[in-house]
2 protein chains.
Amino acid sequence: MYICPMYSKELLKGTLKTIILKLLSENDRMYGYQITQKVKEITEGKINLTEGALYPALHKLEADGLLTTEKIEVGNRIRKYYTLTQSGNSSAKEKVEELVDFMETLKAIINISPQKLAWS
Amino acid sequence: MYICPMYSKELLKGTLKTIILKLLSENDRMYGYQITQKVKEITEGKINLTEGALYPALHKLEADGLLTTEKIEVGNRIRKYYTLTQSGNSSAKEKVEELVDFMETLKAIINISPQKLAWS
DNA sequence: TTATATACATAAGAAATAGATGTATATTTG
DNA sequence: CAAATATACATCTATTTCTTATGTATATAA
């Protein structure tokens, strides 16, 4: 899969798990590839998750008890569906709230006027 | 220095250089400690930069030619002032724009009401 | 038949940061 | 006056996170 991220990938750091949890909180269950496609669709191609980032993240969330999995055979292929656990659900809410709050704080830095920034 | 970041530090990853460049674009020159204090002030204590992150980032930006430095002796202490170069200035504009754009894209994913995050 | 899409995954290395530690002076407070 | 806190620089180790590359396999479209 060729990846062409619009943003310097740095910015995505730290937001991946929040994105995953948010998507799963709106969909009963999703599988990895579906998540990459959904993110691409929602962001109009601006964010493309790589497998090397996605799968370890999913495994970590599962190991932390936020997700459960079920394997479904579709044709001859296996799909691994991920579903939020109860604690995954509350964690999703927390992380999204935190992200919104963080973005509001970033706005404060980005929107400062020269006057406001004067050192005393 | 004891650090008590309000946000899971993960989120800050990738935004540090943009924050530094933005602050320097609004101030002719700043020194490291001043940057930490300014960020703390603007964000009402929500973001506290650690020295372990700040100084390597400043050194990297300098090595990349985006900043120049001058050492000023204040009393018996040395302050190292950082100033944007020309390319640092345009880089600041680019990175801030990119961050704004990225946050808009994130909004699409977390699907918050436009009013709440409205720019202006 | 060849490329692209679907679908999972790991492994090596880079990059960024936390947290601890170190050095030194200045100022405030009990 | 002694102790704590603030100012001011910096480095180092360990950890986390992600990129990039690679691997396996089937299905479909050109």
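Keep in mind that what you see is a predicted model, and the values were worked out from it rather than measured. Reminder, nothing fancy here: chain letters follow the sequence lines and each chain counts from 1.
- Phosphate contact (OP1/OP2 of D:dA10, side-chain N/O of B:Lys80, threshold under 4.0 Å): present.
- For D:dT19, the OP1/OP2 oxygens have a side-chain nitrogen or oxygen of A:Thr50 closer than 4.0 Å.
- Between A:Tyr31 and the phosphate of C:dA7, there is a side-chain N or O to OP1/OP2 separation shorter than 4.0 Å.
- Of the candidates D:dC9, C:dT25, D:dT26, the closest approach to any side-chain atom of A:Asn76 belongs to D:dT26.
- B:His59 and B:Tyr82 have tilted rings, their planes meeting at an angle from 30° to 60° on a 0 to 90° scale.
- Around NZ of A:Lys80, the count of heavy atoms belonging to other residues, nucleotides or ligands within 6.0 Å exceeds 12.
- Within the nucleic acid shown, B:Arg79 comes within 4.0 Å of sugar-phosphate atoms alone, with no base atom in reach, counting heavy atoms only.
- The shortest distance between the side-chain N/O atoms of B:Lys17 and the OP1/OP2 oxygens of C:dA16 is below 4.0 Å.
- One can place CG of A:Leu49 at 14 Å from P of D:dT20, the figure rounded to the nearest angstrom.
- Between B:Leu54 and B:Arg77, the residue whose closest nucleotide on DNA chain C is further toward the 5' end is B:Leu54.
- Listed for the B:Thr85 side chain is a donor-acceptor partner under 3.5 Å among the backbone atoms of B:Leu66.
- Considering only heavy atoms from C-beta on, A:Ile47 comes within 4.5 Å of A:Leu49 through its side chain.
- No more than 12 heavy atoms of other residues, nucleotides or ligands lie within 6.0 Å of CD in A:Glu97, so this atom counts as exposed by the packing criterion.
- The separation between A:Asn48 atom CG and C:dA5 atom C1' is 14 Å, rounded to whole Å.
- Residues B:Arg29 and B:Ile72 have side chains in contact (heavy-atom distance under 4.5 Å, counting atoms from C-beta outward).
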For nucleotides 11-14 of chain D, print each protein N/O atom paired with a nucleotide N/O atom at under 3.5 Å, atom names and distance only.
from   : atom 1 : to      : atom 2 : distance (Å)
D:dT11 : OP2    : B:His59 : NE2    : 3.4

